[in-house]
Amino acid sequence: MSDDKNQPDTVQSSNKTRDQYETYPYPARNPEDEDKRLVSGSPGNWEEVVHYVFGGRDPSAKGKIKILIAGGGTGDALVMLAQQARDRKARAEIVYIDLSENARAIAEARIKRRNLEKNVTFVTGSFVDLAKEYGPFDYIDCCGVLHHLPDPNEGLRTLADSLKPSGGMGLMVYGELGRQGVYHMQEMMDRLNAEAGGARRLNFGKALFNSLPGTNWLKRNPFVGDHIHGGDAGFYDLLLHQQDRAYRVDEVFDFVHQAGLRLQSFIEPMRYDPTTYCSRHDVLEKAVHVPFRERAALAELMAGNITKHTFYVVKAKNKTKPPVPAEDAIPFFTRVDGAALARSVAKTGNIKITFTGLSVTRTMPSASPAILSRIDGKRSIRQIYELFQPMPEKFEFNAQFAVMYSVLNAANLMYLRFPDKK
């Protein structure tokens with residue numbers, strides 16, 4: 001461990017963060033597990049990136065793309081994006097930057113296990129210092145990192161400066177309300193044993209946690225248990241971190257704005273919609289016809305279970321928007337089997353969506369089963385319509401498709417893309 005005495009506070013904070021991830025690389029990963037599964041999720045799912053960052057038009061279809069994994073840890077985002085690039089036969093150049101040599105070693109081993117090292121450059125250090133040297137980038141993935149910087153605003157501005165004008169980023173920062181009790185625990189550690197690090201800090205933290213009464217906010221929070229009971233690295237990262245902050249929705253918007261960026265969408269969009277949590281029109285009358293920022297902030301307050309904010313951003317002057325249904329758009333499923341979904345909707349008329357302890361049921365338009373059964377990830381909306389015999393009124397088909405799509409897209413179950421231009 002480094003001696004942080006007599007160093008500026010920002011340097012001490014960076015050193016403590018580096019030392020933590022040298023001792024407890026996060027998330028805990030075994031390279032041999034790459035033989036069994038691919039860890040995937042948001043941000044960084046490429047089809048999701050294409051939808052929200054590039055307006056449904058895949059830039060890798062035109063030529064080489066450059067990707068930065070900023071604060072890549074043990075490699076989840078790196079492995080996911082590198083594997084997706086190879087599966088798509090995309091010409092991708094990926095740069096991984098992280099402070100921790102031990103985390104980097106695990107990420108490298110995972111990449112080698114999959115034989116993906118050809119187009120990956122590994123760099124040990126701070127992306128705040130190094131990102132611009134290796135850029136500019138088409139896409140930057142920075143998941144769970146900015147909130148650990150001494151100056152997150154500077155970190156995001158650095159990433160924005162390393163981005164191509166047409167590029168975008170997938171980001172994740174902690175959400176304050178869903179992490180109720182986490183910061184109480186960190187404050188208790190500061191009051192009781194602030195200087196301890198490494199195994200001493202871990203053992204003391206476990207003893208403290210186990211001694212807390214059932215009335216404690218952390219003990220009563222059901223939304224953070226996977227980290228608490230997920231091994232030493234997860235416990236340390238959640239409860240014992242010494243450089244950590246969380247954001248409310250309004251703060252996320254301010255955070256993005258100060259870096260000269262625009263927020264494209266939160267993931268999942270449904271979680272940031274007040275109507276997900278309340279169906280009474282008399283209650284929500286003043287909440288549904290206000291700007292997105294206000295609706296999202298209200299939804300966060302209503303939900304209470306948002307532990308992290310995952311979102312996509314582009315530069316403020318970038319006019320690209322996520323696609324909406326159009327005749328030449330190609331709908332496709334993600335995270336769900338289309339045929340099974342079609343059968344389920346045909347049987348019940350509904351779809352049930354569950355996330356973080358909350359279940360939401362949505363009624364689907366009557367034509368949904370027939371539409372869903374014809375979606376194969378290749379047909380455009382126009383071609384799907386033309387498969388109906390007899391063909392329904394086009395206005396009615398489009399209206400039902402739009403409603404169906406709005407539900408599935410809001411739950412991250414369906415995206416749109418456009419055919420590659422020849």
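These numbers come from the heavy atoms of this one structure, side chains and all, not from hydrogens, waters or symmetry mates. We count residues from 1, following the sequence as given.
Scanning all heavy atoms of the two residues, the minimum distance from Ile375 to Phe332 falls at CG2-CA, 4.2 Å. Closest non-hydrogen pair, Gly377 versus Ile330, comes out as O-CG2, 3.4 Å. Taking each heavy atom of Thr307 and Arg179 in turn, the nearest pair found is O-CD, 3.3 Å. The minimum heavy-atom distance linking Pro323 with Phe418 is given by the pair CB-CE1, 3.7 Å. Closest approach of Pro152 and Tyr247 over heavy atoms only: CB-OH, 3.2 Å. Pro25 and Thr74 get closest at one heavy-atom pair: CB-CG2, 3.7 Å.
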Quick one, Trp46 with Asp58, criterion side chain to side chain donor-acceptor pair (under 3.5 Å). Give me CA distance, side-chain angles, the key distance, then yes/no. CA-CA 9 Å; Trp46 188 250; Asp58 191 340; 3.2 Å; yes
I'd like to know whether Gln186 forms a side chain to side chain donor-acceptor pair (under 3.5 Å) with Asp190, so could you lay out the CA-CA distance, the side-chain angles of the two residues, the decisive distance to 0.1 Å, and finally the verdict. CA-CA 6 Å; Gln186 292 183 10; Asp190 286 342; over 6 Å; no
Do Tyr24 and Asn102 pass the side chain to side chain donor-acceptor pair (under 3.5 Å) test, and can you show the C-alpha distance, the side-chain angles, and the key distance before you say yes or no? CA-CA 9 Å; Tyr24 298 104; Asn102 285 338; over 6 Å; no
Step by step, would you call Thr354 with Ser359 a side chain to side chain donor-acceptor pair (under 3.5 Å)? CA-CA 4 Å; Thr354 303; Ser359 292; 3.1 Å; yes
Intermediate values then yes/no, side-chain contact (heavy atoms from CB on, under 4.5 Å), Glu176 and Gln180: CA-CA 7 Å; Glu176 179 185 325; Gln180 188 70 257; over 6 Å; no
Take Phe266 and Val252 through the test side-chain contact (heavy atoms from CB on, under 4.5 Å) and record every step on the way to the result. CA-CA 10 Å; Phe266 285 107; Val252 170; 4.0 Å; yes
Walk me through whether Phe127 and Val145 qualify under side-chain contact (heavy atoms from CB on, under 4.5 Å). CA-CA 10 Å; Phe127 67 77; Val145 181; 3.5 Å; yes
Mind running side-chain contact (heavy atoms from CB on, under 4.5 Å) on Met169 and Phe137 for me, showing each step along the way? CA-CA 10 Å; Met169 292 189 254; Phe137 298 94; over 6 Å; no
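Using a 4.0 Å cut-off between charged side-chain N and carboxylate O, Arg114 and Glu117 make no salt bridge. Salt-bridge formation is detected for the pair Glu48/Arg335: a Lys NZ or Arg NE/NH1/NH2 atom is positioned less than 4.0 Å from an Asp or Glu carboxylate oxygen. Ionic pairing of Arg18 and Asp98 is not present here: no N-O contact between side-chain nitrogen and carboxylate oxygen is shorter than 4.0 angstrom. A salt bridge does not link Arg295 with Asp273: none of the charged nitrogens is closer than 4.0 Å to a carboxylate oxygen. In summary, Glu251 and Arg248 do not engage in a salt bridge, as defined by a charged side-chain N under 4.0 Å from a carboxylate O. Using a cut-off of 4.0 Å between Lys/Arg side-chain N and Asp/Glu carboxylate O, Lys164 and Asp138 are scored as salt-bridged. The residues Asp19 and Lys16 are annotated as not salt-bridged, no charged nitrogen and carboxylate oxygen being separated by less than 4.0 angstrom.
Rounded to the nearest 0.5 angstrom, Phe311 CZ and Gln264 CD are separated by 12.0 Å. With rounding to the nearest 0.5 angstrom, the CD1 atom of Ile306 is 5.5 Å from the CZ atom of Arg271. Rounding to the nearest 0.5 Å places CZ of Arg201 at 10.0 Å from CG of Leu239. Between Leu171 atom CG and Leu156 atom CG the span is 6.0 Å, to the nearest 0.5 Å. Note that CG of Asn412 and CD of Glu47 are 12.5 Å apart. Values are rounded to the nearest 0.5 Å. Rounding to the nearest 0.5 Å places OH of Tyr312 at 5.0 Å from OG of Ser42.
Within the 4.5 Å cutoff, the side chain of Val407 has heavy atoms near those of the Met364 side chain. Side-chain contact between Tyr174 and Arg245: absent, with no pair of heavy atoms (C-beta onward) separated by less than 4.5 Å. Side chains of Asn216 and Met188 form a contact here, defined as non-hydrogen atoms less than 4.5 Å apart. Side-chain contact between Leu413 and Ile351: present, with at least one pair of heavy atoms (C-beta onward) separated by less than 4.5 Å. Side-chain atoms of Lys206 and Asp232, non-hydrogen and from C-beta on, do get closer than 4.5 Å to each other. Side-chain contact between Met189 and Gln242 is absent, with no heavy atoms from C-beta onward closer than 4.5 Å.
Shown are Arg113, Arg110, Lys112; of these, the salt bridge (Lys or Arg N to Asp or Glu O under 4.0 Å) with Glu34 is made only by Arg110. Between Leu68 and the choices Leu130, Val123, Ile94, Val95, the side chain to side chain contact (heavy atoms under 4.5 Å, CB included) rule is met once, by Val95.
Ring centroids of Tyr26 and His241 are separated by 6.0 Å or more, keeping the two rings apart.
Ring geometry for Phe209 against His229 counts as perpendicular: the plane angle is over 60°, on a 0 to 90° scale with 30° as the lower cut. Ring geometry for Phe253 versus Phe292: interplanar angle over 60°, hence perpendicular rather than tilted (30 to 60°).
Note that Arg104 lies outside the cation-pi zone of Tyr96, set by a 6.0 Å cut-off to the ring centre and a 45° limit from the axis.
The environment of NZ in Lys315 is crowded: more than 12 heavy-atom neighbours from other residues, nucleotides or ligands sit within 6.0 Å. Atom CZ of Arg37 has more than 12 heavy atoms from other residues, nucleotides or ligands within 6.0 Å.
Gln84 and Arg86 share no side-chain donor-acceptor pair at under 3.5 Å. If you check the side chains of Thr363 and Asn350, you find a donor sitting under 3.5 Å from an acceptor.
A donor-acceptor pair under 3.5 Å is formed between the side chain of His147 and the backbone N or O of Gly144. Judged by distance alone, with hydrogens and angles left aside, the side-chain atoms of His227 form no donor-acceptor pair with the main-chain N or O of Leu238 at under 3.5 Å.
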